Amino acid sequence: MFTIDRRKFLTLAGASTASLIAAPHVARAAGGKVVVIGGGPGGATAARYLRRMDPTVEVTLIEANKDYYTCFMSNEVLSGERKLDSLRFGFDGLAKQGVKVVHDLVTGIDGAAKSVTTKGGQKFAYDRCIVAPGIDFNWSAVPGYSAEAAEKLPHAWKAGPQTTLLRQQLEAMPDGGVFVMVSPPNPYRCPPGPYERASLVAHYLKHHKPKSKVIILDAKDAFPKQKLFEQAWAKFYGFGTPNSMIEWVPAAKGGKPSEIDVAGLAVKTEFDTIKGAVINVIPAQKAGKIAFDAGLTEGNWAPVNKGTFESKKVAGIHVLGDGADAAVMPKSGYSANSQAKVAAAAVLAMMKGAPPPTPAYVNTCYSIAGKDHAFSVAGVYTFDAEKNAIAEVKDAGGLSPMDASAEDRKREVAYAESWFRNITHDIWG
Amino acid sequence: MIPSTIHRLLRLAALVGAVGAASAAGAQTINAEMLANTCAGCHGVNGSSKGPATPTIASLSTDYFVMSMKDYKSGKRPSTVMARIAKGYSDDDITAMAKYFQSKPFARPGQMVDAAKAKQGKALAKKYCESCHEDEGRIGEGVGVLAGQMLTYMQYSTADFVSGKREMEKRQKAKFDALMKEQGGFEAFDPILHYYAGVK
């Protein structure tokens, strides 16, 4: 009995703690209409957290697709460790939270009239609009490549049918075949992603087609987590020896592709023509189409106020995730998730004419490079109002150490899986 | 025992009240909810993890939460990623997050555990663990909450304690030593952890 009483007291103390800490938000008035465009990690998180922070706000999420396939963890589908279906998330969880989910394609946002129009002829009025446009490809960046060419030489940089196609090609590839990857110039979605992909493709080949090889043709001279990847490649795939399964060709050594020969299954560079049994072209990237159509972009990305994610181009519209220019934060699912929470809190405050709360942002990103072998990069960020900048907290964050034990590398695999389960639940419910 | 616990809780409530008032006073003050939101990606919605390895941090005592973060920061407690993340938060940030998560319920939907092991572990836990991890490990006054905690996480923690990578309190060390001596070594933890992981 005594323990139950004590637990009751703990619960009571807990309840009072919650209300006291939440004191700055008590003044939330009812009402307000927010339209969220895009149901990926950024948009879905924003919609959920708006409702979570203020159940009186009316939130409509407009997303063209019935399901979303996460890009993160999709390299594990390529290596056969995971089924594509495990990356599929629907929107029932959002609907349960009181978000009105509309499956339609947004064709225009009128910032002056504060309304959103769709391909299906629907029109939605808003007090504030949140756009999570994701990415689109600069198809013309490398001559020869196009949306049609991607049906033969997949990019697989948006998960779904493209992932399946690349997996099928890998499975059909003969032993001894060359897997050629074209890695994009900065900035792009998931900066360490191409190198994780190279690792996991090599992992698959090592066990199923050991005479095969992975060649990365890179538009860059360096890449994220490079030393950690190279250490893992040396450990698992003979990197640094003449028999290495992975070859990385940086821009300085002619890695930059000049043309994709779709019919001939080859990539031309300054010095060479590299033929592949399977060619994976990850094109240069820009913000998703709606960001351009709505006049939210400058160059390839959408400039924003970093404390609120309100567009610098159109008032009343907030842009977050991969499509926004959030500078130091990498274009990752966790960044989008974290930015969405900051934006949701800002939107609620601004609708009431209150100052937006002080932001806090985070990113952690795992890469799996081989069996029981993962490492991470982390960043904790604060807002520098004077510079309108997201600033990484000094001495915090950074990479997994090079000298980590095998046990720690293995634990990071388990933490990567935990991250996937928890963040997808946080995003889609 | 009862008065002291209640006294401690009252003191905590008073402390939290003070923080709440301070937050309301200025715009650039600590926003516990905003800070806590950064944890959810790995530790789950409201701090209750879906596992398999990241622990639930909901309902942890503020003492234990603060101590853990400070020990991660200093390197006293080993970690893969938490040292790098903990360094991103000030002591005041950490205190605010601790209070936020202390107020959240520990979700215990039940984990896949070995029922036979759990049964065996229950008896061992009573003898070796219950004096600090009270009420089937639901209460963690200055210690971790074990009831329903992620099995993989508890296995990591136990391994770190026994290997000496993570420091043990005197009383804990005595219990660990006794368990391993009397019950057949490190393997004896396994049924205990299955038991605690399965508590709903």
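Every heavy atom of this structure was used, including side-chain atoms; hydrogens, water molecules and symmetry mates were not. Bear in mind that the values here come from a model prediction, so they are computed numbers and not experimental data. Each chain gets a letter, A, B and so on, in the order the sequences are listed, and its residues count up from 1.
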Among B:Lys73, B:His43, B:Met150, which has the most heavy-atom pairs under 4.5 Å with chain A? B:His43

Answer key: most heavy-atom pairs under 4.5 Å with chain A among B:Ala40, B:Gly88, B:Gly41 is B:Gly41

Are more than 12 heavy atoms from other residues, nucleotides or ligands located less than 6.0 Å from atom [atom1] of [X]?
X	atom1	value
B:Glu169	CD	no
B:Met112	CE	no
B:Gln172	CD	yes

Smallest separation among heavy atoms of [X] and [Y], with atom names:
X	Y	value
A:Ala378	B:Val81	CB-CG2, 4.0 Å
A:Ser376	B:Arg84	OG-NH2, 2.8 Å
A:Ala396	B:Lys87	CB-C, 3.5 Å
A:Ala360	B:Leu35	CB-CD2, 3.9 Å
B:Met34	A:Thr358	CG-O, 3.4 Å
B:Cys42	A:Trp419	SG-CD1, 3.5 Å

Whether [X] side chain and [Y] backbone form a donor-acceptor pair below 3.5 Å:
X	Y	value
A:Lys341	B:Asn37	yes
A:Asp426	B:Val45	no
B:Thr80	A:Glu412	no

Report the C-alpha separation of A:Arg411 and B:Thr152 in whole Å, then their side-chain angles, then the decisive distance to 0.1 Å, and conclude whether the side-chain hydrogen bond (donor to acceptor under 3.5 Å, both in side chains) test is met. CA-CA 9 Å; A:Arg411 286 187 188 185; B:Thr152 305; over 6 Å; no

Taking side chain as everything from C-beta outward and backbone as N, CA, C, O, which of these in B:Ser79 sits under 4.5 Å from a heavy atom of chain A? Side chain, backbone, both or neither. backbone

At a 4.5 Å cut-off on heavy atoms, which part of B:Ala86 comes close to chain A: side chain, backbone, both, or neither? neither

Looking only at heavy atoms and a cut-off of under 4.5 Å, which of [options] has the most pairs with chain B?
options	value
A:Ser338, A:Ala404, A:Pro359	A:Pro359
A:Leu399, A:Asn337, A:Asp395, A:Val377	A:Leu399
A:Tyr381, A:Tyr49, A:Tyr415	A:Tyr415
A:Val362, A:Thr45, A:Asn363, A:Ile427	A:Val362

Considering only heavy atoms, which portion of A:Ser400 lies under 4.5 Å from any heavy atom of chain B: side chain, backbone, both, or neither?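 For A:Ser400, backbone and side chain are both near chain B.
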
Please look at A:Glu407 and chain B and tell me whether the side chain, the backbone, both or neither of the residue comes under 4.5 angstrom of a heavy atom of that chain.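 When you check distances to chain B, only side chain atoms of A:Glu407 fall under 4.5 Å.
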
Carboxylate-amine/guanidinium proximity below 4.0 Å for A:Asp408 and B:Lys165: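 Salt bridge absent between A:Asp408 and B:Lys165.
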
Quick one: pull up OG1 in B:Thr54 and CG in A:Asn422 and give me the separation to the nearest 0.5 Å. 5.5 Å

Pairwise side-chain contact, A:Arg52 with B:Asn46, heavy-atom cut-off 4.5 Å (strictly under): yes

Kindly indicate whether the side chain of B:Thr38, heavy atoms from C-beta on, has any atom under 4.5 Å from the side chain of A:Tyr361. no

